[in-house]
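Counting starts at 1 for both ligands and their atoms, following the listed order. Keep in mind that what you see is a predicted model, and the values were worked out from it rather than measured. Heads up: numbering here begins at 1 and tracks the sequence.
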Amino acid sequence: MLQAAAKTLSVATTTSVSRRILLSIRHYCKKTPAKLRVSEAVSGAELGANVKVQGWVRSVRAQKSHLFLHVNDGSSLQSLQVVASSELNDPLLTFGSAVEVTGTLKKSPNQKQLVELEAEQIHIVGKCNPLEFPFKIKERHSLEYIRQFPHLRCRTNAISSLLRIRSEATTAVHSYFKENGFLQIHTPVITSNDCEGAGELFKIVPSGPDYEEEEHFFSVPAFLTVSGQLHLELMSGAFSKVYTFGPTFRAENSQSRRHLAEFYMVEAEVSFAQSLEDLTKVMEGMFRSATEHVLAHCAEDVDLFHKHVTPGHREIVEAMLKNGFPTITYSEAINILNRSSENFAFPTDWGCDLQTEHEKYLVKHCGNIPVFVTDYPYDLKPFYARDNQDHPEHTAAAVDLLVPGVGELCGGSLREERLDLLRARLQQAGLEDTYSWYLDLRRFGSVPHGGFGMGFERYLLCILGVDNIKDVIPFPRFSHSCVL
Ligand SMILES: NC(=O)C[C@H](N)C(=O)O
């Protein structure tokens, strides 16, 4: 009967309470050990339980009559120490091999860990030749070295921590928007618009025996999206506050450490926004809430970076969270750059776009914390940016958020909601027909509104202090590289 109860519970097991009951029943029956993730095992909550753990061997040490293994399954940075009699040793139990260990969770006599698994059985599921495996036991490999093995790099502590942080930061971004009344919209990956000015595009061309070379997407031009902004704008005309978070593509032939051909962008659009402050509040709120969430929920993983990979970066992150983000205008930024004794490679005259070197200087100048730069020259901004007609210089109500180590993290603007002004600008650019649907949005219930986009990988660089964007995305795509 107990076994039947265990079976029923295993189907219904969702809460930790029912899980604990299930473990006790199974333990009492001494029949089927419960499968446990390493993160659950090392927490100490299941002491005394008979369990099965599956994962990959991170270290092996044979000592007198005992064998010690560390097993990791990606659920946590921590590995579970397994202690076995040396009779269970096997030459195939090597670093990197996959194992299934059954035994009893005991309190560990070693201060280094709460729990250890006293093994009754070790089954080698998949062997791994340590001489051919690119990663070596107990060695801290550099991110440059690890990058050479895109198919295996998730087996290293650094990249597995990074990917847990990335996943948690994704959750945090979604939570922030949900808690603040935004509706998530799945904007399309294939689009016909190029969100003018956002960057170079990848054209979609079908391939196969039925298609001529260079044919368009079923005879209409189609591209991979460079931004979901215009789609979000139309949705903001019905839902007020909307966001999207998905892959975005730029055909920039750049080998820089800040650019990817495929990256993830968080974009939001807010109806009835009256000023740039209505947008900067959202950018700052999202940044703070995601960062606080990641620091609280991925403490060990973040520590791995802040202590070993990018030492000293923790203080920078703490300073970012402690202080409010200052705002300067573009004109003030230009004055700051012109007053500095720095030898910039790019010009700093009013009207020139800010380059990464300028952005990084401005961040340092403001105390190495994130800084908003507002009101850029009108001519630097795409057709949708709102004309600041009341400003002495011809500027647009646009804003960038610049952050330590990275430069531009977010870019946004109030959108031109006035039909006559928008039509004139589109006419000037010869785009009136292409964007007639966009003009319609200003014809039917137009409201002041604005939005922004944040490069998600740049956000990760910023909070972790990592300096190559290829290290913060699971599968980097950049010019001349599309491996796997
Ligand atoms: N949604 C945004 O405002 C982002 C902007 N369209 C960009 O591509 O940078």
Using the ring-ring contact (aromatic ring centres under 6.0 Å, His included) rule, pick out the option among F245, Y243, F239 that qualifies with F177. Y243
The salt bridge (charged side-chain N to carboxylate O under 4.0 Å, His left out) partners of K307 (sequence neighbours excluded) come to D303
Residues pairing under salt bridge (charged side-chain N to carboxylate O under 4.0 Å, His left out) where one sits in residues 392-406, two or more places apart or in two chains, turn out to be none
SB check E416 R418 (cutoff 4.0 Å): yes
Going by heavy atoms, is R250 under 4.0 Å from ligand 1? yes
For ligand 1, which atoms sit closer than 4.0 Å to a heavy atom of E267? 1 (N), 2 (C), 4 (C)
R415 touching ligand 1 at heavy-atom level, < 4.0 angstrom: yes
Judged by non-hydrogen atoms, does Y384 sit under 4.0 Å from ligand 1? yes
